[in-house]
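In what follows, a single structure is set out as structure tokens and then discussed.
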Amino acid sequence: MEIHTLPISELRRKQPRFRGLESGHRACLGCGEALAARLVTEVIGPDVMIANATGCLEIFTTPWPESAWRVPWIHSLFENTGAVAAGMESALKAQGRSTKVLAFGGDGGTFDIGFQALSGMLERGHSVLYVCFDNEAYMNTGIQRSSSTPHAAMTTTSPPGKERMGKRHLKKDIVSIVAAHHIPYAATSSVAYPSDIRKKVRRALAIEGPTFLQIHCPCPLGWGHESHESIEIARLAVQTGLFPMIELERGGVAGVMPLRNVRPVTDYLKMQQRFRHLFVEDLRAQEELEHIQAIANHNIEVYGLQGEGKDAFDSEGMDTVRRGGMRWA
Amino acid sequence: MLQALEGSQAVAQAVALCRPQVIAAYPITPQTHIVENISKLVADGQLHCEFVSVESEFSAASVVLGAALAGSRAYTATSSQGIILMAEVLFNISGMRVPIVMTCANRAISSPLSIWNDQQDSMSVRDAGWIQLYCADNQEAVDSTIQAYRIAERTELPVMVCMDGFTLTHTLEGIDIPTQKQVDKYLPPYQFSRTLDPRHPITLGTLVSPDFYTEARHSHHQALLNAQAEIVAADQEWFTLSGRRSGGLLTVEGPEQAKVAILSIGSVIGTLRSALEEIPPAQPVKLIKLRSFRPFPADMLRAACQNLDDVIVLERALSPGSGGIVGVEVLSALAELPNPPRVHSFAAGLGGRDIPLEILPRLLKVLSEPTDHRFRLIDLELEKLPIEDR
């Protein structure tokens with residue numbers, strides 16, 4: 001058999017987009033975070049620097065002496081990513097350089113342990129895009145509950161049992177808290193909607209000042225679903241109203257992704273092992289399902305997610321965009 | 001030209017002369033006057049830099065880490081609880097071999113809460129992999145700050161300049177502030193080999209398997225040991241330029257023939273110097289001023305102590321459950337001598353308790369008590385404690 005080889009430089013030229021995060025890293029099959037990070041770095045281009053919190057993304061991309069990053073990238077600690085990025089931004093400002101600074105963190109590093117550094121960075125107005133890859137638990141340490149874990153979800157530290165139905169508390173509304181700093185731009189997005197991620201990253205990078213993007217990323221291992229179901233599950237989180245896709249400017253809602261066909265939350269929950277204790281003959285399980293449906297209904301009402309008619313940018317239409325139907329988006 | 005300046009004010013001016021581009025700090029007594037003075041210099045347009053008023057010491061250390069990696073000379077200062085809160089970042093900075101200079105205005109650690117001076121804070125992070133230089137007076141604090149940048153940037157190791165809180169930071173002294181020209185000649189513009197640059201992307205702070213961790217730690221240890229030469233050279237070079245030395249790694253003062261030495265660290269050296277003049281002891285006594293605690297100058301210490309019979313260590317911190325911190329290190333270094341001197345380890349002046357000149361005769365009294373070599377708090381007043389705690 002004849003083997004054709006191409007020089008690496010030529011292969012790179014054939015790539016459609018700039019890739020800040022290269023293939024060959026060690027993420028699990030179907031990892032939502034790896035895909036989301038790739039989508040973000042495709043948009044930001046090479047003239048950037050990234051500060052990355054401790055977590056799966058850091059671990060699976062940089063087992064020394066290998067690295068999957070093609071952009072300047074630094075991992076310092078778990079809880080200081082906002083501050084490290086602020087320091088980088090301050091230095092670039094002092095030097096009169098225009099390189100963009102990004103901070104990457106998981107939900108643990110953002111909602112919990114790194115929250116103070118994030119808040120400080122936002123309050124001081126550093127021109128940094130902070131991206132939170134939200135997979136709703138401490139996946140890197142073996143699926144422990146975080147303040148982002150949704151209500152009633154099972155994790156290794158919120159197991160269901162005779163006395164408990166999974167996590168007792170609600171998912172922290174981080175984007176509202178971030179927006180309450182009255183920063184120019186805060187948004188949520190989902191790995192199921194790549195063009196939405198691109199659009200929001202572009203928008204954030206064009207803004208002077210702190211910006212924030214929360215990207216919902218399924219974790220097959222932690223959520224208990226098949227690897228090929230990540231995108232479907234992420235899309236259901238949006239379509240049920242459990243993960244509203246919103247944009248906030250200076251603290252006020254500036255845009256939402258409408259839902260053309262709102263799906264019942266059970267469609268989303270039943271696909272995941274972390275909610276399996278809600279699908280048994282148990283009055284408490286029934287109550288929790290009703291509770292979760294009420295959370296979704298509340299989101300739909302508060303953000304006015306219910307769309308009317310057909311909208312290219314609603315939760316159904318975005319699929320068209322994603323498949324290349326509207327390339328400009 | 002000599003000016004009457006408060007220690008903090010002098011250090012602020014020294015920092016400004018080093019032309020830092022990013023300064024991050026969080027207020028804590030007794031560090032506050034340093035950053036207040038720096039803020040004023042920035043507000044008055046005398047220092048052009050990004051002054052980042054962070055929300056915690058943890059972020060102060062993180063901001064300077066990010067700034068130094070992004071290509072700017074950076075500075076921070078803290079004390080006590082602040083340094084303990086920073087601890088995780090301090091290890092991270094040194095492990096990544098990032099050249100940062102920090103002033104530690106030494107203060108006791110809670111609890112019980114004390115805002116006053118001892119050296120428990122910087123001693124508690126002695127294993128963080130930073131260079132630690134202790135200042136005996138405010139002129140040394142000024143000169144050491146400038147030297148620290150040169151040492152840090154040449155060795156790619158962070159440097160902590162330790163000055164006793166209040167005793168130095170809030171005390172007026174006649175200080176010679178060097179000229180900008182002198183400092184510019186001494187300190188070249190900031191350069192760091194691993195600066196983040198989009199044209200040459202690098203990855204920093206990776207996960208290291210057991211296959212490489214030991215080697216990384218060894219190289220860090222070796223770098224600190226090698227830094228001894230750089231600390232000496234920086235002081236020598238500064239002497240050529242300014243006519244002043246800060247004391248290299250350590251200095252020995254006093255009569256050549258002395259068989260007894262008192263070793264100490266920080267501003268208490270000044271007290272001991274005065275005491276030796278005002279209450280002259282019966283036998284000749286040397287004074288060993290330890291400036292560099294990390295790297296610990298074991299070879300130089302052995303050379304300084306080889307003909308001594310007794311070394312009395314006086315320090316302002318302790319390791320509960322063990323005893324003197326500097327004392328143990330001195331003992332361990334001198335144990336390698338063929339005829340090691342006896343090492344007597346004491347702590348005093350904890351939580352701001354004054355160390356009077358009369359400490360000298362009390363220290364020397366131990367020489368006539370040859371049986372008791374245990375670590376002691378020499379200014380302890382036991383009657384203040386309930387019997388069961390004594």
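Chain naming here is simple, since letters A, B, ... match the order of the sequence lines and numbering starts at 1 in each.
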Subject >> When A:Met121, A:Arg97, A:Glu79, A:His126 are compared by non-hydrogen pairs under 4.5 Å with chain B, the top option >> reply: A:Glu79
Original post:
Could you go step by step and tell me if A:Arg19 and A:Glu42 meet the salt bridge (Lys or Arg N to Asp or Glu O under 4.0 Å) rule?
Top reply: CA-CA 5 Å; A:Arg19 287 178 74 148; A:Glu42 275 180 6; 5.1 Å; no
**OP:** Would you tell me whether A:Trp69 and A:Thr61 have side-chain atoms, one donor and one acceptor, within less than 3.5 Å of each other?
**Re:** yes
Table please: side-chain donor-acceptor pairs of residues 214-227 of chain B below 3.5 Å, with sequence neighbours left out.
unit_1	atom_1	unit_2	atom_2	d
B:Ser219	OG	B:Ala216	O	3.0
B:His220	NE2	B:Gly129	O	3.0
B:Asn226	ND2	B:Gln222	O	3.3

Original post:
So, is the end of the B:Arg150 side chain (NZ or CZ) under 6.0 Å from the ring centre of B:Tyr186 and within 45° of the ring's axis?
Top reply: yes
Original post:
Just checking heavy atoms, which of residues 84-101 of chain B are less than 4.5 Å from chain A?
Top reply: B:Glu88, B:Val89, B:Asn92, B:Met96
Distance-only criterion, 3.5 Å: show the donor-acceptor pairs between side-chain atoms of residues 50-57 of chain A and protein atoms not counting sequence neighbours.
unit_1	atom_1	unit_2	atom_2	d
A:Asn52	OD1	A:Trp73	NE1	3.0
A:Thr54	OG1	A:His75	NE2	2.7
A:Thr54	OG1	A:Leu77	O	3.4
A:Thr54	OG1	A:Phe78	N	3.1

**OP:** Answer with side chain, backbone, both or neither: which region of B:Thr203 has an atom nearer than 4.5 Å to a non-hydrogen atom of chain A?
**Re:** both
Original post:
Given the rule in the side chain to side chain contact (heavy atoms under 4.5 Å, CB included) test, do B:Ser193 and B:Glu156 qualify, once you have shown the distances and angles that lead to the verdict?
Top reply: CA-CA 9 Å; B:Ser193 62; B:Glu156 299 192 339; 2.6 Å; yes
Original post:
Counting heavy-atom pairs under 4.5 Å to chain B, which of A:Gly120, A:Ala117, A:Ser76, A:Pro46 comes out on top?
Top reply: A:Ser76
**OP:** Side-chain contact test, heavy atoms from C-beta onward, threshold under 4.5 Å: evaluate it for A:Val101 versus A:Ser127 and give yes or no.
**Re:** no
**OP:** Mind running salt bridge (Lys or Arg N to Asp or Glu O under 4.0 Å) on A:Glu22 and A:Arg38 for me, showing each step along the way?
**Re:** CA-CA 8 Å; A:Glu22 212 28 279; A:Arg38 178 166 73 76; over 6 Å; no
Original post:
Are A:Arg124 and B:Glu55 side-chain neighbours, meaning at least one heavy-atom pair lies under 4.5 Å?
Top reply: yes
Subject >> B:Asp121/B:Ser80 under side chain to side chain donor-acceptor pair (under 3.5 Å): CA gap, chis, key distance, verdict >> reply: CA-CA 5 Å; B:Asp121 48 3; B:Ser80 183; 5.2 Å; no
**OP:** Give the intermediate values and the outcome of ring pair (Phe, Tyr, Trp, His ring centres under 6.0 Å) for residues A:Phe104 and A:Phe133.
**Re:** CA-CA 7 Å; A:Phe104 285 179; A:Phe133 299 99; 5.1 Å; yes
Subject >> Polar side chain donor-acceptor pair, A:Asp107 to A:Tyr138, under 3.5 angstrom >> reply: no
Original post:
Considering heavy atoms only, which positions within residues 24-50 of chain B lie below 4.5 Å of chain A?
Top reply: B:Glu50
Original post:
Quick one: of B:Ala70, B:Ala74, B:Ser56, B:Ala60, who has the most non-hydrogen atom pairs under 4.5 Å with chain A?
Top reply: B:Ala70
Original post:
Just wondering, are more than 12 heavy atoms of other shown residues or ligands nearer than 6.0 Å to CG in A:Leu221?
Top reply: no
Original post:
With a 4.5 angstrom heavy-atom cut-off, which part of A:Gln116 approaches chain B: side chain, backbone, both or neither?
Top reply: both
**OP:** Let me know if B:Val54 has heavy atoms under 4.5 Å from chain A in its side chain, its backbone, both or neither.
**Re:** both
Subject >> Region of A:Glu89 that comes under 4.5 Å of a non-hydrogen atom in chain B >> reply: neither
Original post:
A:Lys200 and A:Ser189: side-chain donor and acceptor closer than 3.5 Å?
Top reply: no
Original post:
Which residue out of B:Leu69, B:Val208, B:Asp197 racks up the most heavy-atom pairs below 4.5 Å with chain A?
Top reply: B:Asp197
**OP:** Measure distances from A:Ser90 to the heavy atoms of chain B and classify the residue's part below 4.5 Å as side chain, backbone, both or neither.
**Re:** both
